[in-house]
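Read through the structure below, which is laid out as structure tokens, and then see the notes.
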Amino acid sequence: MKRLLLVGGGHAQLAVLQALARRRPRAVEAVLLTPSPWQWYSGMLPAWMAGHCRAEDCCIDLRPLAAAAGARLCLASAVALDAGRHALRDDSGATHDFDLLSLDVGSLVDTRALDALPTDSLLAVKPLQAFFAAWPQRLAAARAGRLRRLAVVGGGAAGVELALAAAEAFRRAGCTVALALVAPPGGLLAGHAEGARRRVLRRLARAGIALHLARAEGTAAGLVLDHGAGDAPATLPADCVIAATGARALPWLRESGLACDADGWVAVDAGHRSVSHPFIHAAGDVCTRATPGFTRSGVHAVHAGPVLAANLLAAVDGVAEGEPRRSYLPRTRSLYLIATGPRHAIASWGRWSAEGRWVWHWKDYLDRGFIARHRCAAILPV
Ligand SMILES: Cc1cc2nc3c(=O)[nH]c(=O)nc-3n(C[C@H](O)[C@H](O)[C@H](O)COP(=O)(O)OP(=O)(O)OC[C@H]3O[C@@H](n4cnc5c(N)ncnc54)[C@H](O)[C@@H]3O)c2cc1C
């Protein structure tokens, strides 16, 4: 009997659960350890904020998936890993011994520059579960006139989507809130083509969102913006600051004994096996690869899933070292569909971009399809 420990119910782990449900290998005792029975889907968060869908449309119930996979569900968060001893500790103090480990625990938001803000004004977009719980309160505060200024910090696609979704939510609720988006001095949407950037700038202007290209720092008195170029830092008043400031690795990974890069991400090979501990696999935001085109995104987490699943099952079967394993080769260009608040979105793929209601419907179709594929364990051929 091999003990297979699945930690985190992230995008790639869903493929592992589905593969286990299809195969149901006899010689395995599987456990899924994750803090919530719900896997929240970031791709639909902006649509939910903007009022186009319900919270329950944006999450996958892990319970039927785990049951179909024959995995025992343990609702807890990992807090320490000792890779050499094959042991992981959770926040209840329990230790989980394993023969094979699959990590898909995602990432945190890197709020280090903002942490000095008053705690009630800082709202990190991750963990998603906490954001889904907190946003309705902020919207209620805006309705009651207690939230008048909101700033989103983050110049990536997530920051743009959150600012535009907030603008749409306030518009629908009939409240007047001054909105600002703070992106790094280098500009918005690094890695996207000029055309996509121009389209986003137009939508921000149309939604009345003030764009600041500056380094933001949180202080007890509020946000301070450094625009560089010798200008004196300026304060940006905000009752609420949403942080979408890039990803940060979960802190316990660094202490785990696993080979990690300088930022604490788990180093894996093309088969998503740890480069230091081959009985440990990792996929999604948690891992790092020295492969061109590999970035932290849901797209890569989803595409890596079937490879992770195939290689884990091969390890369960005891495939010998040196036998060929499946590899995930990221494409050099990925398609990004950026929701802009109302039922409208911008598509960005390499140098190509487009926008319109049809892009929003395309995104909505893909997002809802992703949820539906994982929703009903009964459709799996077990
Ligand atoms: C607003 C927004 C919109 C986005 N839109 C897109 C998009 O359109 N396309 C795209 O490609 N990317 C998008 N992203 C990025 C995307 O969210 C991440 O890259 C993606 O979620 C990574 O997937 P993952 O499987 O690594 O982690 P996640 O999907 O975050 O899953 C992590 C899992 O681990 C669990 N977990 C967390 N900590 C622990 C712990 N200590 N122990 C056990 N379990 C734990 C969580 O509960 C969760 O089940 C967006 C991000 C944001 C913030």
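One-based numbering, in listed order, for ligands and for the atoms of each.
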* Hey, what's the ring geometry for His277 with Phe279, parallel, tilted or perpendicular (30° and 60° as the breaks)? -> perpendicular

* To do: Can you label the angle between the His52 ring and the Trp360 ring as parallel, tilted or perpendicular, going by 30° and 60°?
  => perpendicular

* **Pairing of Arg54 and Asp57 as salt bridge, 4.0 angstrom limit** => yes

* Are the charged groups of Arg149 and Asp239 less than 4.0 angstrom apart, N to O? -> yes

Tell me: protein heavy atom nearest [atom], and distance?
| atom | result |
| --- | --- |
| atom 16 (C) of ligand 1 | Ser42 OG, 3.4 Å |
| atom 9 (N) of ligand 1 | Val299 CG2, 4.3 Å |
| atom 23 (O) of ligand 1 | His11 ND1, 3.1 Å |
| atom 33 (C) of ligand 1 | Asp104 O, 3.4 Å |
| atom 45 (C) of ligand 1 | Pro35 CD, 3.5 Å |
| atom 19 (O) of ligand 1 | Asp285 OD1, 2.9 Å |
| atom 27 (O) of ligand 1 | Gly106 CA, 3.2 Å |
| atom 12 (N) of ligand 1 | Gly298 N, 3.0 Å |

Which ligand 1 atoms, with their elements, are less than 4.0 angstrom from a heavy-atom of [X]?
| X | answer |
| --- | --- |
| Val125 | 53 (C) |
| Glu161 | 3 (C) |
| Val7 | 43 (C) |
| Gly10 | 25 (O), 31 (O), 32 (C), 33 (C), 49 (O) |
| Gln39 | 28 (P), 29 (O), 31 (O), 33 (C), 48 (C), 49 (O) |
| Leu250 | 38 (N), 41 (N) |
| Leu33 | 43 (C), 44 (N) |

NZ or CZ of [X] within 45° of [Y] ring axis and under 6.0 Å:
| X | Y | value |
| --- | --- | --- |
| Arg3 | Phe98 | no |
| Arg89 | Trp252 | no |
| Arg333 | Trp352 | no |

Does any non-hydrogen side-chain atom of [Y] lie less than 4.5 Å from one of [X]?
| X | Y | value |
| --- | --- | --- |
| Leu123 | Val241 | no |
| Leu100 | Leu5 | no |
| Val153 | Ile242 | no |

I need the contact type for [X] against ligand 1. Using non-hydrogen atoms and a strict under-4.0 Å cut-off, is it side chain, backbone, both or neither?
| X | value |
| --- | --- |
| His300 | neither |
| Gln129 | neither |
| Leu128 | neither |

Nitrogen or oxygen of [X] less than 3.5 angstrom from that of ligand 1:
| X | value |
| --- | --- |
| Ser77 | no |
| Lys126 | yes |
| Ala78 | yes |

* Asked: Per the side-chain hydrogen bond (donor to acceptor under 3.5 Å, both in side chains) rule, which among His361, Arg357, Glu355 passes with His344?
  -> Glu355

* **Side-chain donor/acceptor of His300 to backbone N/O of Asp285, under 3.5 Å** => no

* Roughly how far, to the nearest 0.5 Å, is CG of Leu6 from CG of Leu308? -> 8.5 Å

* Asked: Does ligand 1 have any atom that is closer than 4.0 Å to a heavy atom of Ala244?
  -> no

* Kindly state if atom 40 (C) of ligand 1 has a protein heavy atom within a strict 4.0 Å cut-off, that is, under 4.0 Å? => yes

